[in-house]
Amino acid sequence: MDTLILDLLDPEKARPPPMAMKDYSDEFKADAVALYESTPGATYKSIAADLGINRATLREWVLRDRERRGNSVGPSAGRTAARPARTAPDADPDERIRQLEARVAELEASERKLATERDILRKAAKYFAGETNW
């Protein structure tokens, strides 16, 4: 018997319909990749959850982007290191400068992440405002 007929005869054994494939714009994909790349310590899971997409989808986009750019480095490419430990004020001045430069780099990465998130939210708001038919 055809599975469709079986589904009609026994609804408890019916399979759920396959999930529809979502078609994301190239701009959304690029924004998602930029957000992932500019977020220190981010995981595919956390960024994908924030954007409401599948983790594997985001991973695929990131890998394709890296391949396109010729950058096949591991998942932590473009990431800044964890926050440096604070030292006493009387520490070596060169070490203090290195720590401050690392902190500036961390803050700049955070600023890029926030700007990317803001831009994504603005685009989403504009998109959804255009969809409403009040």
Side-chain angles (χ1 to χ4, degrees):
M1 265 188 169
D2 189 19
T3 57
L4 181 58
I5 294 171
L6 287 175
D7 291 348
L8 293 173
L9 294 175
D10 192 0
E12 288 185 17
K13 291 184 180 178
R15 291 172 293 177
M19 216 165 116
M21 295 286 290
K22 294 182 182 176
D23 189 25
Y24 297 101
S25 70
D26 291 337
E27 186 178 13
F28 179 81
K29 292 176 186 180
D31 287 344
V33 170
L35 178 61
Y36 175 78
E37 292 290 343
S38 69
T39 306
T43 62
Y44 292 122
K45 184 177 180 179
S46 66
I47 298 296
D50 288 346
L51 297 175
I53 60 176
N54 187 299
R55 178 197 60 79
T57 302
L58 176 62
R59 181 177 180 274
E60 183 65 30
W61 294 345
V62 170
L63 294 176
R64 280 188 195 160
D65 182 67
R66 287 181 181 163
E67 186 177 292
R68 181 185 57 77
R69 290 182 292 141
N71 181 6
S72 60
V73 181
S76 62
R79 305 290 174 90
T80 57
R83 182 178 291 187
R86 306 235 177 204
T87 59
D90 59 335
D92 179 32
D94 290 337
E95 178 61 27
R96 177 94 172 119
I97 290 172
R98 279 191 291 277
Q99 288 178 351
L100 290 174
E101 287 173 344
R103 179 70 176 139
V104 167
E106 179 184 343
L107 292 172
E108 288 173 344
S110 177
E111 180 185 17
R112 282 191 304 274
K113 175 190 174 217
L114 292 172
T116 303
E117 289 175 344
R118 180 200 61 218
D119 293 343
I120 290 171
L121 289 173
R122 280 184 181 163
K123 290 173 187 173
K126 195 180 292 185
Y127 173 79
F128 287 116
E131 272 193 1
T132 57
N133 296 322
W134 301 9

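No experiment lies behind these values; they were computed from the predicted model shown. Reckoned from all heavy atoms, side chains included, excluding hydrogens, waters and symmetry mates.
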| message | Tell me the closest heavy-atom pair linking Leu58 and Ala48, and the distance in Å. | response | CD2-N, 3.8 Å

| message | Taking the basic N atoms (NZ, or NE/NH1/NH2) and the acidic carboxylate oxygens, is any pair closer than 4.0 Å for Glu106 and Arg103? | response | yes

| request: Output the distance between atom CG (Leu35) and atom CG (Leu51), rounded to the nearest 0.5 Å. | output: 5.5 Å

| field | Nearest heavy-atom neighbours spanning Trp61 and Ile53 | value | CZ3-CD1, 3.6 Å

| Taking 4.0 angstrom as the limit, do Arg98 and Glu95 come out as a salt bridge? | yes

| request: Can you establish whether the number of heavy atoms outside Glu60 located under 6.0 Å from its atom CD is more than 12? | output: yes

Output a table of donor-acceptor pairs, distance under 3.5 Å, between side-chain atoms of residues 113-120 and any protein atom two or more places apart or on a different chain; print 'none' if there are none.
| unit_1 | atom_1 | unit_2 | atom_2 | d |
| --- | --- | --- | --- | --- |
| Lys113 | NZ | Glu117 | OE2 | 3.4 |
| Thr116 | OG1 | Arg112 | O | 2.8 |

| Salt-bridge criterion met for Asp65 and Arg69 (N-O under 4.0 Å) | yes

| query | For Lys123, what residues pass the side chain to side chain donor-acceptor pair (under 3.5 Å) criterion, not counting sequence neighbours? | reply | Glu27, Asp31

| Please, which pairs that meet side-chain hydrogen bond (donor to acceptor under 3.5 Å, both in side chains) have at least one residue in residues 46-57, sequence neighbours excluded? | Thr43-Ser46

| task | Take the angle between the ring planes of Tyr36 and Tyr44 and call it parallel below 30°, perpendicular above 60°, tilted in between. | result | parallel

| So do Leu107 and Glu111 actually touch side chain to side chain, heavy atoms under 4.5 Å? | no

